[in-house]
Amino acid sequence: MTFEYSLDSFRAPTTNVPFLIEEFLEALSAHQELGLPLNSALHILDELEKRLRSNQVVSDLISVRLDNYLKFDRSNVEEMQRAFNVLLVELDPRSYVIKCFELLKGKVVENEKKGIEFFCREAVTTLLNLGVSSFFINKSAVEHFFGSSIVDSNDCLDEFLRKIYPHYHKFDLILKIKTPVGVVKKEILGIFDLSLSSRIPKRFLSDCSPDMKTLEKGWKYLVATDLRAFDYFSAVEVTKDKIARLHDLFGMFYHKGSYALDQNAVVVQKCCLKESFDVQTLVNRMHFVDDNKPKDAASKLDHMVKTILLPSGPDREKFFRVIDFHGISSKSETVENQVINLWTSLETLVPAKSHGSIISGVAYGVLPFIGLNYVRRIFERLTFDILRWNRRELTRALADTKFPAGADIVEKVFCLVVVKENEDTLSEFLGRLLNFELLRFRVFTLNKMYSRPEKIFKSIESHQQRVEWQLHRIYRTRNSIVHSGHTPKYTSLLVSNAHDYFDQVFSTVCKFSSQPGGFDNFSSCFDYAERLYAQYHSDISRMSTLSIEDTSSVLWKPIDRPTKWSLFPS
């Protein structure tokens, strides 16, 4: 849930009930004070009401029954504000995460994995929105449960939860920086609690590596003091924000200025443990998506240039403009610029509609692509992880698996996991997973979710709803940054989602535009995707049982069109 390269379906949600309430109240205030449409706030309310219900954390925390909070007139802004101001106090984020921890401990004792997963998701989302770093949670989990310490009882969980609970700590930090702000007076640097030096202050000497003690020409040491943060990763992020803000301020008067940071910082905790940590500074959330090695990227670029029709069609300029915005986002160091440019990429990519709002048009255009790719992506990732675990065991299991002729490896794994005829083979395979608990639980969960057509249909519908909510959230975040200068707490988490959505749409559009039989304009690509998804949706809804022959219908992929080379290979 905190591994940055996980699929969005496996990562913890971007936001949850306490923060949705905050967002809803802010949207109501914006409606009253700035005259923004009420519909934006009501869209948040739709998601909020759905997530309030059947939530044990909510029901355990509130003292007034939920129905009494949700009895209001949607056109009466003041009535909704009164109700949710009270509910926000009852569902305060810190109370919420404590209750998550309490309920999680109970589910661990009962070994009830579905409950464990739900309360973990709620806890992680709350911690991230409070300001705890996902890197810190992930590193702590790996060290605590998979490191050298012995996990011999449920008491180990208490120690772990105490470690990741949002306690404020004090940190000092040092890193190497190449910057033009060395001419700025100390008093101005002091406003940001920063200082520059040509030497390492004595208090850091024992914590710095030989590499840190070597200073190249043009570089200086930047020292940040009395940083208040939940963990040492967050302390680095706070410092980077200060550096970016200082340089933006300096850039008002010196337009040629830029800065570079060294790869690592040394962070010293001044309280509690009084330890030092080496922390990576060059973290770009645009990079947390599926990527290619340089040689593979070059090969794919060569194939695209030779086959894709869009660059030579009527949308040539639009095609390269979309790529430009994506490139600007990739190079940017601030999440605000990344979100703004990613949204602009999506908005430019999707053909404009003659009616409806901008966000409704983008969501309408994007959702068919996400829906078509959803199930296959889940099983592609499962296949990849099983191969990483044990390629030989997978080969052994697939030898006894029934699957359709011509199936690729992802379709074979799908048949192994969900098709009823392969139940015995799956049971044997699960038995060989031994202590790989997370992988076994994922296989077990996917079996329950995709073994019947109605469950597949429900899973896709649910995912489409979540993506639509997320697209609206990305758009609201973009507007908040541009119009009010406010950056929501979860903005950094949105970058990975926005980038993932863009990549899915753009790569599929390129496939639709590839020769032979490809389209040379965006409108045709999007119209084609809309019709494909409608057909895909209809095909799954009409299934009564899931058979081996249904595999290709569930795991959608673009068709290979016939070419003269397939007819005349010589």
Side-chain angles (χ1 to χ4, degrees), residues 1-6 11-15 19 93-94 97 120 123-147 159-177 192-194 204 207-209 211-212 221-245 261-289 332-336 338 487-497:
M1 293 180 188
T2 53
F3 181 54
E4 299 295 346
Y5 289 95
S6 295
R11 286 197 301 267
T14 304
T15 189
F19 303 98
R94 286 182 178 270
V97 77
C120 277
V124 168
T125 297
T126 311
L127 290 171
L128 296 181
N129 278 275
L130 283 169
V132 181
S133 167
S134 60
F135 299 104
F136 176 71
I137 299 173
N138 188 268
K139 188 171 187 289
S140 300
V142 171
E143 289 177 348
H144 192 82
F145 296 109
F146 301 95
E159 184 184 341
F160 171 69
L161 296 180
R162 187 182 299 112
K163 185 174 184 178
I164 64 171
Y165 183 81
H167 303 284
Y168 272 113
H169 302 282
K170 274 194 173 183
F171 299 94
D172 284 349
L173 177 151
I174 186 169
L175 56 79
K176 291 193 283 189
I177 184 171
F192 296 91
D193 293 320
L194 301 175
F204 289 105
D207 300 307
C208 290
S209 66
D211 286 342
M212 177 65 79
Y221 292 108
L222 182 136
V223 178
T225 56
D226 294 329
L227 296 165
R228 194 165 177 261
F230 293 130
D231 57 82
Y232 43 90
F233 288 99
S234 299
V236 171
E237 290 304 314
V238 169
T239 304
K240 287 174 64 179
D241 287 344
K242 289 183 176 184
I243 295 169
R245 187 158 290 182
L261 301 178
D262 193 31
Q263 289 188 351
N264 293 299
V266 174
V267 183
V268 178
Q269 187 169 330
K270 299 170 67 175
C271 60
C272 306
L273 299 176
K274 296 186 177 180
E275 288 184 296
S276 65
F277 308 91
D278 286 327
V279 183
Q280 189 176 356
T281 60
L282 305 180
V283 176
N284 188 330
R285 289 191 173 272
M286 282 290 291
H287 298 166
F288 297 135
V289 292
S332 176
E333 291 295 328
T334 64
V335 293
E336 290 85 357
Q338 289 170 349
T487 303
K489 299 171 184 176
Y490 46 71
T491 302
S492 62
L493 304 177
L494 285 180
V495 171
S496 296
N497 285 130

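In this text the structure is predicted, and so the values were computed from the model without any measurement.
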* **Residues forming a side chain to side chain donor-acceptor pair (under 3.5 Å) with Tyr221, sequence neighbours excluded** =>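 For Tyr221 there are no side chain to side chain donor-acceptor pair (under 3.5 Å) partners, ignoring immediate neighbours.
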* Taking only residues two or more places apart in sequence or in another chain, which ones pass side chain to side chain donor-acceptor pair (under 3.5 Å) with Glu336? ->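 In terms of side chain to side chain donor-acceptor pair (under 3.5 Å), with neighbours along the sequence ignored, Glu336 is linked to Thr487.
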* More than 12 heavy atoms from other groups under 6.0 Å of CD on Gln263 ->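 No.
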* To do: Would you indicate whether Lys170, at its atom NZ, is surrounded by more than 12 heavy atoms from other residues, nucleotides or ligands within a distance under 6.0 Å?
  =>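 Incorrect, the count does not exceed 12.
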To check you understand the geometry: which heavy-atom pair defines the closest contact between [X] and [Y], and what is its length?
X: Val279; Y: Phe233; answer: CG1-CD2, 3.6 Å
X: Asn264; Y: Met212; answer: O-CE, 3.7 Å
X: Ser234; Y: Gly131; answer: OG-O, 3.1 Å
X: Phe136; Y: Lys163; answer: CE2-O, 3.6 Å
X: Ala224; Y: Leu194; answer: CB-CD2, 3.7 Å
X: Thr2; Y: Ser134; answer: CB-O, 3.7 Å

* According to the salt bridge (charged side-chain N to carboxylate O under 4.0 Å, His left out) rule, which pairs have a member within residues 487-497, sequence neighbours left out? ->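 For residues 487-497, and leaving out neighbouring residues, the salt bridge (charged side-chain N to carboxylate O under 4.0 Å, His left out) pairs sorted by first residue read Glu22-Lys489.
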* Positive for side chain to side chain contact (heavy atoms under 4.5 Å, CB included) with Ile177, one of Asp262, Ile243, Thr281 ->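 Only one of Asp262, Ile243, Thr281 forms a side chain to side chain contact (heavy atoms under 4.5 Å, CB included) with Ile177, namely Ile243.
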Hey, does [Y] have a side-chain heavy atom less than 4.5 Å from the side chain of [X]?
X: Leu127; Y: Tyr165; result: no
X: Phe19; Y: Pro93; result: yes
X: Ser209; Y: Asp278; result: no
X: Phe277; Y: Lys139; result: no
X: Val132; Y: Asp231; result: yes
X: Tyr490; Y: Leu128; result: no
X: Met1; Y: Cys120; result: yes

Would you compute the distance between atom [atom1] of [X] and atom [atom2] of [Y] and round it to the nearest 0.5 angstrom?
X: Arg228; Y: Tyr168; atom1: CZ; atom2: OH; result: 5.0 Å
X: Phe160; Y: Ser140; atom1: CZ; atom2: OG; result: 6.0 Å
X: Gln338; Y: Leu494; atom1: CD; atom2: CG; result: 11.5 Å
X: Asn129; Y: Leu493; atom1: CG; atom2: CG; result: 6.5 Å
X: Leu227; Y: Tyr232; atom1: CG; atom2: OH; result: 15.5 Å
X: Leu222; Y: Thr239; atom1: CG; atom2: OG1; result: 7.5 Å

* Return the set of residues passing side-chain contact (heavy atoms from CB on, under 4.5 Å) with Phe146 (not counting sequence neighbours), or none when no residue passes. =>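 Partners of Phe146 by the side-chain contact (heavy atoms from CB on, under 4.5 Å) criterion come out as none, since no residue qualifies.
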* Asked: Hey, mind stepping through Glu4 and Ser496 against side chain to side chain donor-acceptor pair (under 3.5 Å) and telling me if it holds?
  -> CA-CA 8 Å; Glu4 299 295 346; Ser496 296; 4.9 Å; no
* Report the residues that fulfil salt bridge (Lys or Arg N to Asp or Glu O under 4.0 Å) with Lys270, sequence neighbours left out, ordered by chain and then residue number. =>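 Lys270 satisfies salt bridge (Lys or Arg N to Asp or Glu O under 4.0 Å) with Asp172, Asp226 once adjacent residues are dropped.
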* Could you tell me which residues satisfy salt bridge (Lys or Arg N to Asp or Glu O under 4.0 Å) with Lys240, sequence neighbours excluded, listed by chain and number? =>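 For Lys240 there are no salt bridge (Lys or Arg N to Asp or Glu O under 4.0 Å) partners, ignoring immediate neighbours.
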* Side-chain donor or acceptor of Arg94 paired with backbone N/O of Leu130 under 3.5 Å ->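 No.
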* Asked: Between Glu275 (side chain) and Gln269 (backbone), is there a donor-acceptor pair under 3.5 Å?
  ->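 Flag not set: sc Glu275 to bb Gln269 has no pair under 3.5 Å.
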* To do: Evaluate the side chain to side chain contact (heavy atoms under 4.5 Å, CB included) criterion for residues Val238 and Lys242: first the C-alpha distance (whole Å), next the side-chain angles of each, then the deciding distance (0.1 Å), finally the verdict.
  => CA-CA 6 Å; Val238 169; Lys242 289 183 176 184; 4.1 Å; yes
* To do: Give me the ring orientation class for His169 and Phe171: parallel if the planes are under 30° apart, tilted from 30 to 60°, perpendicular past 60°.
  =>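 Perpendicular.
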